[in-house]
Amino acid sequence: MSAKYHRTHHCNELNRTHVGSRVSLSGWVNSCRDLGGLVFLDLRDREGVTQLFVDPAAQPELARLLHEVREEWVLAATGTVQLRPEAMANRQRATGEIEVAVETLTVLNRAAPMPFHLEDQAVSEDLRLKYRYLDMRRSALVPNLRLRHRLTKSVRDALDSRGFVEVETPILSKSTPEGARDYLVPSRVHPGTFYALPQAPQQYKQLLMVGGLERYFQIARCFRDEDLRADRQPEFTQIDIEMSFVTREDVMETVEAMLAAVMREVAGREVALPFPRMSWQEAMDRYGSDKPDTRFGMELVDITPALATTEFRVFRGVLDAGGVIKAIRVENGGEASRRQLDAWTDTVRLFGAKGLAWLKQAEGEIGGSIAKFLNHTEKAEIRRRTGLQDGELLLIVADRPRVANEALGRLRLDIARSSGPLPTGCFHFLWVVDFPLLEYDEEAGRYAAVHHPFTSPLDEDVARLETEPGSVRAKAYDIVLNGVELGGGSIRIHDPVMQQTMFQALGIGAQEAQLRFGHLLEALRYGAPPHGGIALGLDRFAMLLAGAASIRDVIAFPKTTKAACLMTDSPSTVDPGQLDELHIAIRREEADPEAAAGLVPVERR
RNA sequence: GGGGGCGUAGCUCAAUUGGUUAGAGCGCCGGCCUGUCACGCCGGAGGUUGCGAGUUCGAGCCUCGUCGCUCCCGCCA
């Protein structure tokens with residue numbers, strides 16, 4: 001009870017109403033200002049900072065102790081709250097009007113000099129990752145983790161109140177051929193076999209529906225051994241949901257209600273329901289993306305009709321090959337420099353576009369890189385379709401629809417982001433529906449599932465599954481927030497025959513289907529209810545709510561883009577004995593004979 | 001797998017055309033200081049310029065390779 005670090009208050013609590021009270025605080029030394037005849041010490045805990053005050057004349061032994069004290073030492077202090085002199089109040093802080101006149105001070109722990117300034121906003125990220133526990137003491141990370149906690153709790157409450165049951169599914173799972181690369185875990189007791197870490201609890205949650213659970217959810221850790229991005233980590237968390245006896249509308253309504261509750265509780269915001277819905281085709285046509293950011297305009301305009309009879313060779317070639325000519329109109333773009341246009345050209349080339357054409361208008365006249373190839377009618381028609389005005393710029397890509405859309409979609413985002421911050425505190429939810437069911441994979445020479453192989457086709461498209469598979473749409477839906485894919489789901493196939501048909505369309509033979517998905521196929525035979533669900537990226541959601549630039553900022557211990565943990569230095573080599581037990585031998589890499597021969601220690605850094 | 005950016009003191013950065021002993025601020029160590037709040041002032045220590053080759057009379061700077069961090073393309077059912 002009376003431990004020396006017992007606290008009566010936290011460090012963001014005391015104000016003028018506490019003056020005269022005897023209090024105890026514990027925390028870290030944020031800074032210590034020894035003025036010689038006066039000593040101030042800012043004590044910090046997770047809630048805030050309180051100034052401690054010591055008068056060396058009155059307490060010489062305390063002053064001597066404080067002389068030793070350094071940044072980030074851990075202290076417990078007891079003293080009396082006193083008002084600061086009027087002019088000395090710090091209005092920046094909740095506790096700025098008072099200070100604690102110290103009576104006893106205990107050093108709970110010393111601290112080595114910090115590897116970086118905790119207050120320094122410019123510290124490199126690898127250093128922050130190596131000393132994540134110090135990074136956490138700074139202002140940004142802990143509030144993000146607390147926000148994430150509130151988010152998770154709010155999700156649990158919202159789903160619980162709607163009859164959902166939280167169920168844990170196995171982490172040691174089964175490898176499946178479709179989808180992302182698996183993280184594998186070797187089996188000790190079954191030599192030569194492997195578990196896979198789940199990319200998602202997809203099959204388990206469907207089996208829970210067959211099991212009659214009806215409403216399932218899980219805050220589920222998922223693992224994918226693919227290359228990283230600012231919004232992609234090798235392990236991440238999904239809000240995983242599955243429901244029985246539901247249509248797409250039922251799932252979307254449930255998710256909307258949950259998201260509205262979360263937005264209210266976590267962000268204090270009311271969002272209008274239902275969320276807007278847009279077909280995948282419309283999203284691609286208007287925004288060049290299957291996750292459009294609808295916070296701003298600058299939509300893609302199809303100017304193909306204006307150029308249907310063009311004799312400009314480049315455009316003619318594209319049109320004759322079945323391509324399209326699309327444009328975005330950039331307000332205030334008329335002044336764009338050559339250098340800027342070159343940079344934009346590089347951007348569209350990333351997506352396979354051969355080039356970027358541009359037009360601009362000044363004093364009613366259209367000029368630009370391709371102006372001389374267009375006749376008067378074509379220019380007028382382009383102006384009519386795009387609304388081009390003086391001082392504005394038109395960026396044009398002529399290519400296959402997919403290339404033109406994606407290139408301009410990216411350009412649209414880049415230009416919007418570079419021409420000033422996008423509206424903050426603004427949350428545009430959007431459903432994108434009617435995704436294609438299948439997509440032709442050039443490399444594999446077969447169709448692949450756009451969502452996953454358990455996704456149900458639209459009823460009206462089923463007939464085309466075997467004749468024209470590329471045109472079949474899915475009972476799938478993505479939820480998009482501010483241009484970020486927050487989650488996606490679908491109504492699943494619950495008919496074993498349909499599931500077999502789907503595997504066939506994917507080029508998965510009956511034998512392989514049985515080997516990889518036999519458990520699911522069999523389960524569908526025993527009275528599987530119609531069911532569907534969704535999975536939402538918890539990390540991305542937290543990132544957006546926190547206004548963070550990367551999901552690393554809302555994950556306590558994230559990994560680098562090479563999937564390494566700089567703090568624990570994982571992955572790492574293991575004891576040969578461990579490998580023996582797992583029946584695993586490390587193959588020597590040909591590329592580096594010295595390292596393979598063990599002449600050079602393998603190091604990372 | 002590919003492309004861009006970055007790598008110099010504990011941290012953040014500088015260093016002219018390739019030229020003498022690689023500097024500054026903060027931090028660290030020592031001292032001074034009665035109203036500070038990233039206190040201030042004086043003094044001091046601190047460097048394998050990520051690593052390895054090469055070019056050169058001479059490399060932090062140029063070339064090649066390599067490692068790490070990061071952004072993007074591919075990839076991510």
Side-chain angles (χ1 to χ4, degrees), chain A residues 30-42 49-58 63 67 70-72 84-93 95-96 99 112-131 134 176-182 199-200 202-203 222-234 236 343 346-347 349-352 406-407 410 414 437-439 441 443 447-455 474 476 485 488 490 502 506 508 517 535 537 549-550 552 559-562 564 566 591-592 595 600 602-605:
Chain A
N30 207 49
S31 75
C32 187
R33 298 175 295 278
D34 183 349
L35 275 57
L38 278 179
V39 186
F40 299 100
L41 187 149
D42 284 344
V49 174
T50 298
Q51 178 167 284
L52 306 185
F53 172 86
V54 169
D55 178 1
H67 198 68
R70 293 292 179 271
E71 218 174 51
E72 297 303 309
R84 297 191 196 181
E86 185 61 28
M88 303 305 156
N90 184 343
R91 308 287 167 194
Q92 313 295 320
R93 277 184 196 163
T95 62
E99 61 201 3
M114 295 295 113
F116 58 88
H117 293 295
L118 297 192
E119 305 276 347
D120 189 348
Q121 295 307 307
V123 192
S124 66
E125 187 159 12
D126 51 330
L127 203 69
R128 293 176 50 200
L129 287 174
K130 182 173 179 184
Y131 297 99
L134 297 181
T176 54
E178 295 282 308
R181 194 177 293 113
D182 285 318
Q199 298 172 28
Q202 182 60 34
Q203 293 174 56
C222 304
F223 307 85
R224 294 178 189 175
D225 188 3
E226 297 292 349
D227 289 335
L228 281 68
R229 291 285 190 282
D231 62 352
R232 272 167 32 191
Q233 283 271 307
F236 61 100
D346 288 343
T347 300
R349 287 205 169 116
L350 274 181
F351 292 86
E406 290 185 354
R410 170 60 167 272
D414 284 358
L437 182 71
L438 304 166
E439 187 176 36
D441 181 338
E443 262 180 54
Y447 280 92
V450 168
H451 187 47
H452 57 53
F454 318 111
T455 299
E485 181 193 334
S490 64
M502 182 68 177
L506 292 170
I508 301 173
F517 304 106
S550 162
R552 291 189 298 273
K559 293 185 170 55
T560 68
T561 47
K562 284 265 175 60
L566 298 180
D592 188 350
V600 178
V602 179
E603 283 179 25
R604 229 184 340 267
R605 282 190 76 86

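Atoms considered below: every heavy atom in the structure, side chains included; atoms not considered: hydrogens, waters and symmetry mates. Here the structure is a predicted model, which means the values were calculated and not measured.
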Rounded to whole angstrom units, what separation is found between the [atom1] atom of [X] and the [atom2] atom of [N]?
X         : N       : atom1 : atom2 : result
Asp231(A) : rC75(B) : CG    : P     : 16 Å
Asp225(A) : rC75(B) : CG    : C1'   : 11 Å
Phe236(A) : rC76(B) : CZ    : C1'   : 9 Å
Arg229(A) : rG2(B)  : CZ    : C1'   : 11 Å
Lys559(A) : rU70(B) : NZ    : C1'   : 18 Å
Gln121(A) : rC13(B) : CD    : P     : 13 Å
Leu228(A) : rG74(B) : CG    : P     : 15 Å
Met114(A) : rU12(B) : CE    : P     : 16 Å

Return the pairing partner of [N] with a 3.5 Å limit on both distances, Watson-Crick or G-U wobble; otherwise return none.
N       : value
rC41(B) : rG31(B)
rC6(B)  : rG68(B)
rC75(B) : none
rU16(B) : none
rG47(B) : none

Do Glu86(A) and Arg91(A) sit within salt-bridge range, that is, some charged N less than 4.0 Å from a carboxylate O?
yes

Could you check if a side-chain atom of [X] sits within less than 4.5 angstrom of a side-chain atom of [Y], using non-hydrogen atoms only?
X         : Y         : value
His117(A) : Val123(A) : no
Tyr131(A) : Met114(A) : no
Gln202(A) : Thr176(A) : no

Rounding to an integer number of angstrom, what distance separates [N] and [M] when you compare their [atom1] atoms?
N       : M       : atom1 : answer
rU12(B) : rG47(B) : C1'   : 16 Å
rA15(B) : rC69(B) : C1'   : 24 Å
rC41(B) : rC26(B) : C1'   : 16 Å
rC6(B)  : rG46(B) : P     : 31 Å
rA59(B) : rG5(B)  : P     : 26 Å
rU63(B) : rU55(B) : C1'   : 7 Å
rG68(B) : rC28(B) : P     : 33 Å
rA45(B) : rG10(B) : P     : 16 Å

Looking at residues at least two apart in the chain, or sitting in another chain, which of them share a ring pair (Phe, Tyr, Trp, His ring centres under 6.0 Å) with Phe223(A)?
none

Reckon [X] has a side-chain N or O less than 4.0 Å from the OP1 or OP2 of [N]?
X         : N       : answer
Thr561(A) : rU70(B) : yes
Ser124(A) : rU12(B) : yes
Arg410(A) : rC73(B) : yes

Nearest to the side chain of Arg70(A), heavy atoms from C-beta on, is which of rC75(B), rG30(B), rC72(B)?
rG30(B)

Glu226(A) side chain: which of rC11(B), rC72(B), rC76(B) is closest?
rC76(B)

Aromatic ring pairing Phe40(A)/Phe53(A), orientation class (parallel under 30°, perpendicular over 60°, tilted between):
tilted

Examine distances only and state if a side-chain atom of Ser490(A) and a backbone atom of Phe454(A) form a donor-acceptor pair shorter than 3.5 Å.
no

Donor-acceptor contact below 3.5 Å, side chain Gln233(A) vs main chain Lys559(A)
yes

Start at the 5' end of RNA chain B and walk down; is the nucleotide closest to Val450(A) or to Arg552(A) reached first?
Arg552(A)

With nearest nucleotide decided by heavy atoms, which residue, Phe116(A) or Phe351(A), maps closer to the 5′ end of RNA chain B?
Phe116(A)

Check: rG74(B) base within 3.5 Å donor-acceptor of Asp227(A) side chain
yes

Taking N and O atoms by type only, does the side chain of Arg232(A) place a donor or acceptor under 3.5 Å from a partner on the base of rC76(B)?
yes

Passes side-chain contact (heavy atoms from CB on, under 4.5 Å), Leu566(A) versus Thr560(A)? Steps please.
CA-CA 8 Å; Leu566(A) 298 180; Thr560(A) 68; 3.6 Å; yes

Look at all strands and tell whether [X] reaches a base, only sugar-phosphate, or nothing, counting heavy atoms closer than 4.0 Å.
X         : value
Ala448(A) : nothing
Leu506(A) : nothing
Pro453(A) : base
Gln202(A) : base

Distance-only check: which donor-acceptor pairs under 3.5 Å involve side-chain atoms of residues 31-38 of chain A, not counting sequence neighbours?
{"from": "Ser31(A)", "atom 1": "OG", "to": "Arg33(A)", "atom 2": "NH1", "distance (Å)": "2.7"}
{"from": "Arg33(A)", "atom 1": "NH1", "to": "Asp42(A)", "atom 2": "OD2", "distance (Å)": "3.0"}
{"from": "Arg33(A)", "atom 1": "NH2", "to": "Asp42(A)", "atom 2": "OD1", "distance (Å)": "3.2"}
{"from": "Arg33(A)", "atom 1": "NH2", "to": "Asp42(A)", "atom 2": "OD2", "distance (Å)": "3.4"}
{"from": "Arg33(A)", "atom 1": "NH2", "to": "Gln51(A)", "atom 2": "OE1", "distance (Å)": "3.1"}
{"from": "Asp34(A)", "atom 1": "OD1", "to": "Gly36(A)", "atom 2": "N", "distance (Å)": "2.9"}
{"from": "Asp34(A)", "atom 1": "OD2", "to": "His67(A)", "atom 2": "ND1", "distance (Å)": "3.3"}

Could you run down nucleotides 31-45 of chain B 5' to 3' and tag each one B, S or - for protein heavy-atom contact under 4.0 Å?
--BBBBB-B------

